[in-house]
Amino acid sequence: MRRIHRTRRDWAADLGLMLFAACFAAASSDSIPIEAGLDPLWRTVDQVIGGLGCATVLLRRRWPVALAVALLLAGGEASHYLTGPAMVAVFTVAATRPWRATAWVAAVAFVPLPAFLWQLPEVSGDRKSSALTYFALIAGAIGWGLFRRSRQQLIASLRERAELAEADAESRAERARREAREEIAREMHDVLGHRLTLLSVHAGALEFHTSAPREEIGKAAGVIRESARLALRDLREVIGVLRAGPAEDERPQPELADLARLVAEARAAGGRIELTGPPDGPAPPPMVGRTAYRIVQEALTNARKHAPGAPVTVRVAGGPAERLTVEVRNAPAPGAAADTGGGEGGGQGLIGLAERARLAGGELSAGPAHDGFRVRAWLPWPAVDPVSAAGQG
């Protein structure tokens with residue numbers, strides 16, 4: 001026998017329904033038609049059976065279908081005081097059991113109806129009204145149970161949807177946080193990697209050229225000091241973004257026009273860099289210009305790490321209504337084979353650049369070339385709107 005765990009609310013509901021069945025039997029006792037000449041003992045037995053039927057309402061959670069069938073059969077054949085318990089039982093079946101069980105119980109309840117309707121002209125007025133009222137009450141109990149079940153299913157469905165929506169919102173928030181962290185990580189890699197490689201180049205020059213003239217040592221030390229200051233500034237800015245959140249990031253972002261300054265810094269570190277471009281005329285959209293700047297910055301950083309001392313060629317071309325092409329090519333380091341850029345760092349910088357280019361609507365490819373290593377990217381450059389261009393002018 002399976003145990004039924006009832007909460008206080010369940011006990012209150014069961015006791016309330018039992019009280020309802022008893023009150024219904026007491027209130028309807030005066031309207032029950034009694035056959036002439038019926039022994040008063042039978043009426044007492046009928047009332048006792050009705051009382052026991054009301055008590056069986058407490059079993060409605062354990063055996064709802066069996067209880068409903070028993071009360072319906074007994075109410076039609078043995079006792080007139082079981083209508084209240086039968087209504088509670090069929091309500092329980094309709095509210096808690098599958099459609100098939102509800103249909104079988106309803107069939108048991110209404111099987112006598114056709115025969116009653118066939119004999120309706122011969123039935124007395126009191127018995128006729130009593131029987132019709134009985135069938136109407138049973139039908140109402142089944143209908144109310146079906147409504148209750150549909151409402152519970154609707155509430156469960158809405159609760160499930162709310163839980164799914166909440167889980168989806170948490171997933172989107174977590175995805176947004178992860179994307180923000182990845183964006184900040186790329187920014188730290190691009191900015192600090194460039195500064196720190198400049199520090200490494202100049203520190204290495206001082207380490208291996210201890211006999212250099214005092215002026216060159218002082219110049220290199222000044223570059224190291226300035227690069228360290230800029231690296232600390234960039235680090236403070238990135239940490240500030242981490243603390244304040246991306247929405248409060250108001251740092252000036254690099255543009256395509258800043259490539260000349262970037263190349264000048266790399267040349268000051270001893271790099272042999274040839275820059276062609278950027279093209280004259282209107283500037284590309286900020287995201288496109290910033291992406292091109294980061295591509296060149298990362299490519300120069302990789303060239304300093306993997307091919308130090310090798311000449312680097314930077315070419316930027318394109319225009320509105322075309323596409324912006326960025327190509328950075330470096331020869332192998334003197335006395336070394338071409339490096340694929342997959343050394344320390346595992347090429348994560350190039351992976352980040354490919355993602356940047358994809359987000360901007362372009363593409364990036366990187367790999368060994370016949371004369372070194374090449375990074376090539378193209379980015380969309382929409383046509384200039386004549387109206388907006390005139391307004392800017």
Side-chain angles (χ1 to χ4, degrees), residues 1-29 31-32 46 49-118 120 127-163:
M1 180 183 298
R2 65 188 184 96
R3 294 175 59 86
I4 299 297
H5 175 72
R6 287 187 176 96
T7 63
R8 291 183 178 180
R9 183 176 180 180
D10 294 338
W11 276 110
D14 292 345
L15 293 174
L17 289 175
M18 185 181 69
L19 183 61
F20 161 79
C23 292
F24 182 89
S28 60
S29 60
S31 61
I32 296 175
D46 198 1
I49 294 175
L52 294 176
C54 293
T56 60
V57 169
L58 296 177
L59 304 177
R60 71 188 188 95
R61 297 181 186 273
R62 180 166 295 171
W63 301 296
V65 177
L67 179 63
V69 172
L71 290 175
L72 288 172
L73 294 178
E77 300 294 337
S79 176
H80 301 286
Y81 292 93
L82 293 179
T83 302
M87 291 170 57
V88 174
V90 297
F91 164 80
T92 302
V93 172
T96 61
R97 286 297 177 263
W99 291 96
R100 179 172 295 182
T102 304
W104 280 108
V105 171
V108 172
F110 292 102
V111 158
L113 183 59
F116 171 77
L117 294 177
W118 179 265
L120 190 61
R127 292 183 58 84
K128 182 188 303 182
S129 61
S130 176
L132 292 177
T133 302
Y134 168 80
F135 286 118
L137 290 173
I138 295 297
I142 294 176
W144 182 253
L146 293 176
F147 170 77
R148 175 70 180 275
R149 181 172 62 180
S150 299
R151 184 173 178 272
Q152 289 177 338
Q153 290 176 345
L154 176 61
I155 293 175
S157 175
L158 293 176
R159 184 181 295 112
E160 183 180 359
R161 290 183 183 180
E163 292 174 354

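The chain is numbered in sequence order, starting from 1. Scope of the values below: all heavy atoms of this structure, side chains included, with no hydrogens, waters or symmetry mates.
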_Between CZ on residue Phe91 and CD1 on residue Ile138, distance to nearest 0.5 Å_ = 13.0 Å
*Report the distance from atom OG1 of Thr92 to atom CZ of Arg61, rounding to the nearest 0.5 Å.*
8.0 Å
_Check whether Ser150 reaches the backbone of Leu146 with its side chain - one donor and one acceptor, N or O, closer than 3.5 Å._
yes
_Going by side chain to side chain contact (heavy atoms under 4.5 Å, CB included), name the residues that satisfy it together with Leu113, two or more places apart in sequence or in a different chain._
Phe110, Phe116, Leu117, Phe135
*Partner residues of Leu137 under the side chain to side chain contact (heavy atoms under 4.5 Å, CB included) criterion, sequence neighbours left out*: Phe24, Thr83, Met87, Thr133
*ring-ring contact (aromatic ring centres under 6.0 Å, His included) with Phe20: which residues, sequence neighbours excluded?*
none
*Decide if atom CZ of Arg149 counts as having more than 12 heavy atoms of other residues, nucleotides or ligands within a radius under 6.0 Å.*
yes
*Scan residues 133-142 for pairs that pass salt bridge (Lys or Arg N to Asp or Glu O under 4.0 Å), counting only residues two or more places apart or in two chains.*
none
_Test: salt bridge (Lys or Arg N to Asp or Glu O under 4.0 Å). Region: residues 150-163. Which pairs qualify, not counting sequence neighbours?_
none
With a 3.5 Å cut-off and sequence neighbours excluded, list the donor-acceptor pairs that the side chains of residues 64-71 form with protein atoms.
none

*Counterpart residues, side-chain hydrogen bond (donor to acceptor under 3.5 Å, both in side chains), relative to Thr7 (two or more places apart)*: Asp10
Show every donor-acceptor pair shorter than 3.5 Å between a side-chain atom in residues 49-56 and any protein atom, with sequence neighbours excluded, or say none if there are none.
residue : atom : partner : partner atom : Å
Thr56   : OG1  : Gly53   : O            : 2.5

Side-chain donor/acceptor pairs under 3.5 Å, residues 99-106, sequence neighbours excluded:
residue : atom : partner : partner atom : Å
Thr102  : OG1  : Val93   : O            : 3.4
Thr102  : OG1  : Pro98   : O            : 3.1

